[in-house]
Amino acid sequence: MSSVTMKGITKKYAGGVTAVSDFNLEIEDKEFIILVGPSGCGKSTTLRMIAGLEEITQGELYIDGKLVNDVPPKDRDIAMVFQNYALYPHMTVFENMSFGLRIRKMPKNEIKRRVDEAARILEIEHLLDRKPAALSGGQRQRVALGRAIVRNPKVFLLDEPLSNLDAKLRTAMRSELTKLHKRLETTFIYVTHDQTEAMTMGTRIVVLKEGVIQQVAPPQVLFENPCNLFVATFIGTPQMNTAEGTLIDEGGVTYIIFGTEGDSGKPLAKIALPESKGRKPEVLAYIGKKVIFGIRPNDIYNDPDFIAKHPEGVVDCALDLTELLGAESNIYLKLGDLDFTAVVDARTTTPLNAGDTVRVCFDTSAIHLFDYETEKTITN
């Protein structure tokens with residue numbers, strides 16, 4: 001078993017700066033948990049508290065049911081992989097990987113067995129006699145992982161381990177880490193600011209903002225049912241489109257209107273919400289009130305067939321810019337002073353020029369609405 005339980009964990013620094021506030025999380029055995037959020041949100045501080053490298057100001061930390069607040073890092077049976085790999089430059093790969101075992105005075109034959117096994121798993125057997133200076137970034141990352149693996153810890157802590165790699169290698173290492181987690185069958189706690197890493201690797205994601213947990217959920221749940229505007233706009237690339245709007249009720253149908261045409265006061269757009277969403281009591285409570293409208297770029301279509309079938313979501317916009325990305329295109333649209341991004345099929349899109357009018361359709365079943373003041377969801 002390698003569960004981790006955090007109850008009311010808080011970290012305050014001198015001067016009254018609170019890095020992490022009332023952090024509560026139950027991490028189950030063999031989970032791959034991702035801590036994600038913008039720089040300075042407290043994710044690395046949380047990881048360092050689990051490791052014992054930062055003192056916990058308040059709260060309780062349990063590993064396998066044992067309170068470890070005052071247990072030294074070396075006795076917590078965890079292994080940490082850092083962003084900069086922290087390899088000893090004067091040691092070979094074998095010596096780097098075996099260092100922790102040697103200072104524990106483990107028998108030489110057991111050390112060799114563990115290092116050889118880890119090297120085989122990571123496919124670095126041919127590098128054991130080299131020194132870090134002779135390795136590529138990806139190879140150094142594997143050595144750092146190997147040094148953690150040989151210890152056979154209860155919990156792996158990984159602090160942005162891929163951030164120093166180029167884009168192609170990061171993609172490859174993401175899949176390697178996922179395979180490694182399944183092979184080792186132990187608990188991984190992984191910190192990143194890259195939400196693509198979070199979405200592709202984690203069994204659950206913890207989204208942090210200013211030291212406070214915003215939402216904990218599997219990747220797809222976060223994407224489809226964000227609890228607030230911050231989570232909605234942080235998760236997903238390109239990020240969710242948002243605009244201020246007002247809900248109105250006409251003939252038993254809930255509409256959202258946003259923007260105005262010049263001095264006329266006429267709305268730039270009026271979109272009917274489906275009954276399953278628009279007639280919910282929690283949504284009807286906002287009739288006549290300002291809300292924040294949200295829709296993901298993949299839920300805006302320029303396909304004529306989709307537009308014909310869903311007239312309730314049709315909007316005419318001006319094209320601002322097109323980014324061709326192979327099979328897909330990002331098209332940047334303007335509706336008055338509002339900006340929207342749509343991801344469309346490049347193979348079926350008619351070539352357009354900046355300033356052209358583009359008829360698009362918002363998938364109304366995928367619309368999100370948030371409270372204007374609290375920014376909490378009112379549709380999920």
Classify the ring geometry of Phe293 against Phe340: parallel below 30°, tilted from 30° to 60°, perpendicular beyond 60°. perpendicular
Between Lys270 and Glu250, is there a salt bridge with N-O shorter than 4.0 Å? yes
Indicate yes or no for a side-chain donor-acceptor contact from Asn24 to the backbone of Gly8 under 3.5 Å, with no hydrogens or angles considered. yes
Are side-chain heavy atoms of Leu369 and Leu247 found at a separation under 4.5 Å? yes
Output for pair (Gln83 CD, Ser163 OG), nearest 0.5 Å, gives 3.5 Å
Using side-chain heavy atoms (C-beta onward) and a distance below 4.5 Å, is Val315 in contact with Cys361? no
Counting N and O atoms only, with roles assigned by atom type, does the side chain of Ser2 sit under 3.5 Å from a partner on the main chain of Lys154, one being a donor and the other an acceptor? yes
Hey, what do you get for CZ (Phe370) to CD (Glu244), rounding to the nearest 0.5 Å? 14.0 Å
Ile256 CD1 to Phe362 CZ distance, which is reported to the nearest 0.5 Å: 10.0 Å
State whether the side chain of Thr18 and the backbone N or O of Val20 hold a donor-acceptor pair below 3.5 Å, judged by distance alone. no
Taking Thr92's backbone N and O only, do any of them form a donor-acceptor pair with Glu95's side chain (distance below 3.5 Å, no angle check)? yes
Taking Arg204 for the side chain and Ala217 for the main chain, is one N or O donor matched with an acceptor at less than 3.5 Å? no
Residues Glu31, Thr187; criterion side-chain hydrogen bond (donor to acceptor under 3.5 Å, both in side chains); working and verdict: CA-CA 5 Å; Glu31 268 203 284; Thr187 304; over 6 Å; no
Can you tell me how far CD1 of Ile257 sits from CD1 of Ile271, rounded to the nearest 0.5 angstrom? 11.0 Å
Could you check Glu160 against Thr192 for side-chain hydrogen bond (donor to acceptor under 3.5 Å, both in side chains), going step by step and ending with a plain yes or no? CA-CA 5 Å; Glu160 303 205 37; Thr192 183; 5.1 Å; no
Could you check whether atom CD of Glu275 has more than 12 heavy atoms from other residues, nucleotides or ligands sitting under 6.0 Å from it? no
Is it the case that over 12 heavy atoms from other parts of the model lie below 6.0 angstrom from the CD atom of Glu125? yes
Parallel, tilted or perpendicular: ring planes of Phe32 versus Phe188, cut at 30 and 60 degrees: tilted
Begin from the C-alpha positions of Ile213 and Val207 and carry the test side chain to side chain contact (heavy atoms under 4.5 Å, CB included) through to its verdict. CA-CA 6 Å; Ile213 293 177; Val207 183; over 6 Å; no
Phe156 six-ring centre to Arg151 NZ/CZ under 6.0 Å and within 45° of normal: no
Audit row: Arg142, Glu176, side chain to side chain contact (heavy atoms under 4.5 Å, CB included) steps and yes/no: CA-CA 10 Å; Arg142 289 172 187 263; Glu176 290 299 320; 3.8 Å; yes
Whether the side chain of Asn96 engages the backbone of Met91 through a donor-acceptor N/O pair (distance < 3.5 Å, no angle test) should be reported. yes
Any chance you could measure Leu145, atom CG, to Arg140, atom CZ, to the nearest 0.5 Å? 14.5 Å
At what distance, to the nearest 0.5 angstrom, does CG of Leu222 lie from CE of Met199? 7.0 Å
Taking Thr341's backbone N and O only, do any of them form a donor-acceptor pair with Asn241's side chain (distance below 3.5 Å, no angle check)? yes
Ion pair Glu117/Arg114, N-O distance below 4.0 Å: no
Are any of the side-chain nitrogens in Arg76 or Asp64 under 4.0 Å away from the carboxylate oxygens of its partner? no
Are the side chains of Val360 and Val314 in touch, meaning some heavy atoms are under 4.5 Å apart? no
Ion pair Asp316/Arg359, N-O distance below 4.0 Å: yes
Plane angle bin for Tyr88 and His90 - parallel if under 30°, tilted between 30 and 60°, otherwise perpendicular: perpendicular
Before giving the answer on side chain to side chain contact (heavy atoms under 4.5 Å, CB included), spell out for Met80 and Leu47 the whole-Å C-alpha distance, their side-chain angles and the decisive distance to 0.1 Å. CA-CA 9 Å; Met80 191 160 180; Leu47 203 70; 3.7 Å; yes
So with a 6.0 Å cut-off around CG of Asp129, is the heavy-atom count from everything else above 12? no
Taking the side chain as C-beta and beyond, is there a heavy-atom pair between Val155 and Asp77 under 4.5 Å? no
Any side-chain heavy atom of Leu177 sitting closer than 4.5 Å to one from Leu162? yes
Quick one: does Leu135's side chain get under 4.5 Å of Ile124's, heavy atoms only? no
Donor-acceptor under 3.5 Å (Thr254 side chain, Gly278 main chain): yes
Does Gln58 CD have over 12 foreign heavy atoms under 6.0 Å away? no
Quick one: does Asp345's side chain get under 4.5 Å of Asp303's, heavy atoms only? no
Hey, are Glu197 and Arg174 close enough for a salt bridge, meaning a charged N less than 4.0 Å from a carboxylate O? no
Only one of Lys376, Glu375, Gln214 passes side chain to side chain donor-acceptor pair (under 3.5 Å) with Asn228, and that residue is Gln214
Quick check against the 3.5 Å criterion: does Asp159 have a side-chain atom that pairs as donor or acceptor with the backbone of Thr45? no
Taking the side chain as C-beta and beyond, is there a heavy-atom pair between Val291 and Asp371 under 4.5 Å? no
Checking Glu54 against Tyr13 for the side-chain hydrogen bond (donor to acceptor under 3.5 Å, both in side chains) test, could you report, in this order, the C-alpha distance in whole Å, the side-chain angles of both residues, the deciding distance, and whether it holds? CA-CA 10 Å; Glu54 291 277 2; Tyr13 290 105; 3.3 Å; yes
Tell me if a side-chain donor or acceptor on Arg279 pairs with a main-chain N or O of Leu273 at a distance below 3.5 Å. no
Verdict with supporting geometry, Asp363 and Ser365, side-chain hydrogen bond (donor to acceptor under 3.5 Å, both in side chains): CA-CA 6 Å; Asp363 181 354; Ser365 67; 2.7 Å; yes
Counting only heavy atoms not in Lys7, do more than 12 sit closer than 6.0 Å to its NZ atom? no
